[in-house]
Amino acid sequence: MAGEYVRKENAMCNIPQDFADKKIGSCPFCKTEEPGWLTREEWKVIGSNNYYFKCPCCESEFMVPKDDVTGLSYTKVTFSGKQKAKAGKTLNVPYVTIVKIGLSVKTPQNMVLKDEEIPLPQLKQFCNGE
């Protein structure tokens, strides 16, 4: 089940909002420094739940597994950590799936990222031309 994108400015503790503002930070595509990320959560009966993040400036959207946002997948003690290690992923790094690249920032170079799941630091490096 998925809801609408929202930004809760007055929330005391909003884990996905804090993750977006601090970990994602500036938008990798439009480069807006503090875009005011919008978030929504997707609950699944089977499989992992996901958080979605949307840049209100360029409309680009990302998906990050809930356990990467909360840090539960950063250790092999948890089920999600075991699954992540089994897939050959780095444990203490959030993995981002690019759901949509905003029309105003879409280029042939960044279109290769559409629907890809990549580590967040690698996404930032790619978008910065490094």
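These numbers were taken from a predicted model, which means no experiment stands behind them.
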Between Ile15 and Val6, is there a shared hydrophobic cluster once you connect ILVMFWY residues whose side-chain heavy atoms come closer than 4.5 Å? no
Flag the pair Cys58 / Cys27 as yes when at least one side-chain heavy-atom distance between them is below 4.5 Å, and no otherwise. yes
What one should report as the nearest heavy-atom pair of Leu72 and Thr78 is O-OG1, 2.6 Å
Any residue meeting side chain to side chain donor-acceptor pair (under 3.5 Å) with Tyr51, in chain and number order, not counting sequence neighbours: none
Measuring from atom CD of Glu116 to atom CG of Leu123, what distance do you get when rounded to the nearest 0.5 angstrom? 11.5 Å
Contacts of type side-chain contact (heavy atoms from CB on, under 4.5 Å), residue Lys100, not counting sequence neighbours: Glu59, Glu61
From Ile101 atom CD1 to Lys106 atom NZ, the distance as rounded to the nearest 0.5 Å: 7.0 Å
Pairwise ring pair (Phe, Tyr, Trp, His ring centres under 6.0 Å) hits with a residue in residues 15-40, at least two apart: Phe19-Phe53, Phe29-Phe62, Trp37-Phe62
Count the heavy atoms of every other residue, nucleotide or ligand shown that sit under 6.0 Å from CD1 of Ile118, and state whether that count exceeds 12. yes
When rounded to the nearest 0.5 angstrom, what is the spacing between OG1 in Thr97 and CG in Asp115? 8.5 Å
Side-chain touch Pro65/Ser80, heavy atoms, less than 4.5 angstrom: no
Could you see if Val77 belongs to whatever hydrophobic cluster contains Val93? Use Ile, Leu, Val, Met, Phe, Trp, Tyr and a side-chain cutoff under 4.5 Å. no
For a quick test of reading the model, state the closest non-hydrogen atom pair linking Thr32 to Pro35 and the distance between them. O-CD, 3.5 Å
Do Val112 and Phe126 have side chains that get closer than 4.5 Å, going by heavy atoms? yes
Side chains of Asp67 and Ser73: do they bring a donor and an acceptor to under 3.5 Å? no
Quick note, salt bridge (Lys or Arg N to Asp or Glu O under 4.0 Å) partners involving residues 68-95, not counting sequence neighbours, are Asp68-Lys84, Lys89-Glu117
Less than 4.5 Å apart, any side-chain heavy atom of Val105 and any of Ser60? yes
Compare all side-chain heavy atoms of Thr75 with those of Leu91 and state whether any distance is below 4.5 angstrom. no
Taking all atoms of both residues into account, what is the closest heavy-atom pair of Thr39 and Gln17, and its distance? OG1-OE1, 4.0 Å
Which pairs pass ring pair (Phe, Tyr, Trp, His ring centres under 6.0 Å) with one or both residues in residues 65-114, sequence neighbours excluded? none
Any chance you could measure Gln125, atom CD, to Leu120, atom CG, to the nearest 0.5 Å? 10.5 Å
Quick one: which residue pairs count as a salt bridge (Lys or Arg N to Asp or Glu O under 4.0 Å) with a foot in residues 15-33, not counting sequence neighbours? Arg7-Asp21
CG on Asn50 to CD on Glu41, rounded to 0.5 Å: 9.0 Å
